[in-house]
Amino acid sequence: MMLNGADPIADALGALAAPPPTGLADKVFTAWLAAPSRLGEVFVAFTGHGVQFVRPAETLHGDIDAFAESYRDRFGRPLRPAARAPSGLLPTLRGRPATSLRLDLRGLSEFERDVLTATRRIPAGETRPYGWVAREAGRPRAVRAAGSVLARNPMPLLVPCHRVVRADGRLGDYMFGSAHKEKLLRDERVDLDEVVALARQGVHYLGSDTTGVVCFPTCHNARRIDPAHRHGFRSVGAAVAAGYRPCRTCRPAADATSA
DNA sequence: GTCATGACGCAGA
DNA sequence: ATCTGCGCCATGA
């Protein structure tokens, strides 16, 4: 007869299964489910550490096998269906961000994590340039590389990369096409027409002469500036030269001193 | 290690 | 207004 401890394989399996809440299956498989979102139905993969991967069903022809394959290409694990959604996922996908939502950023480089984390801090209804994301990620000159990270954002919508736009006021590209980017931003009430109108006049920042603060045009502080006290600037440097200081909320770059 | 590749930004034409 | 060219820098082949 087999005495306890006489079978190393059984013992090892027992040790693996030890932590009750996350069973062996959760150590091997990643859970997935389908959910409605602002981009239509999306497939979502998540582990015990949080959401890891999101893709619109439409871009995969509604094929869950294609989702599983692209997930496995990237994270090297198989998928299994989930019973229920992680906390905060469903409201966030619908555009109502939940603080309880956790993201699983393991398996990403430090730079990728920093870029995604910075992007996550952009409030709904506002935009920031790629250069802002690079600076917030701690690599002010890695602007292009930051764009490359967002081009393969594992969690669109949850990491709102659609809010990252070009410094000249144009939208820039989007992983599912810039038309979707524009739709998402307009749904969030970003006044793109205003941004374009300002950019046409070379204005990329707005300041208030009552507060002496200069902001990105979509910053909620900028939108409250009384038109009579509103001044446009081509650069933060120009605003600083005029006696303004960068907004502490939207943090426009305080670098160049050009006029 | 080298090299090509990009959801960028800016200056100059 | 557009369209270059060039610098930038993290990745993956």
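From a predicted model like this one, the values you see are computed outputs, not experimental measurements. Chain letters run A, B, ... following the sequence lines, proteins first and then strands; every chain starts at 1.
In this structure, CZ of A:Arg166 is placed 14 Å from C1' of C:dA1, rounded to the nearest angstrom. Going from atom CG of A:Leu171 over to atom P of B:dG9 covers 12 Å, rounded to whole Å. If you measure from atom NE2 of A:His204 to atom C1' of B:dC8, you get 14 Å, rounded to the nearest angstrom. Summarising the geometry, the separation between CZ on A:Arg128 and P on B:dG9 is reported as 14 Å, rounded to the nearest angstrom. The distance between atom CZ of A:Arg170 and atom C1' of B:dC10, rounded to the nearest whole Å, is 12 Å. To the nearest angstrom, P of B:dG9 lies 12 Å from CG of A:Asp173. Residue A:Asn153 contributes atom CG, which lies 11 Å from atom C1' of B:dA7 at whole-angstrom precision.
A salt bridge between A:Asp193 and A:Arg186 is present, with a side-chain N of the basic residue lying under 4.0 Å from a carboxylate O of the acidic one. Taking 4.0 Å as the cut-off between side-chain N and carboxylate O, A:Arg230 and A:Asp226 do not count as a salt-bridged pair. The pair A:Glu126-A:Arg163 does not count as a salt bridge, with every side-chain nitrogen at least 4.0 angstrom from each carboxylate oxygen. Checked for salt-bridge contact, A:Arg139 and A:Asp114 meet the test: a charged N lies under 4.0 Å from a carboxylate O.
Linking ILVMFWY side-chain heavy atoms closer than 4.5 Å, directly or via other members, places A:Val159 and A:Leu105 in a single hydrophobic cluster.
Across all strands, A:Gly131 comes closer than 4.0 Å only to sugar-phosphate atoms, never to a base (heavy-atom distances).
For A:Tyr174 against B:dA7, a side-chain-to-base donor-acceptor contact under 3.5 Å is absent.
Using modelled atom types, one finds no donor on one side chain facing an acceptor on the other under 3.5 Å when comparing A:His162 with A:Glu182. Looking at A:Thr30 and A:Tyr71, their side chains do bring a donor and an acceptor atom within 3.5 Å of each other. A:His49 and A:Arg102 share no side-chain donor-acceptor pair at under 3.5 Å.
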Encode nucleotides 2-13 of chain C as B, S and - characters from 5' to 3', where the letter depends on protein heavy atoms closer than 4.0 Å: B to the base, S only to sugar-phosphate, - to neither.
-----BBBSS--

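Base-pairing analysis of DNA chain B finds the following stems of at least three consecutive Watson-Crick or G-U pairs, with both pairing distances under 3.5 Å: B:2-6 with C:9-13, B:8-13 with C:2-7.
Outside the 6.0 Å centre-distance limit, the rings of A:Phe43 and A:Phe53 are not counted as a close aromatic pair.
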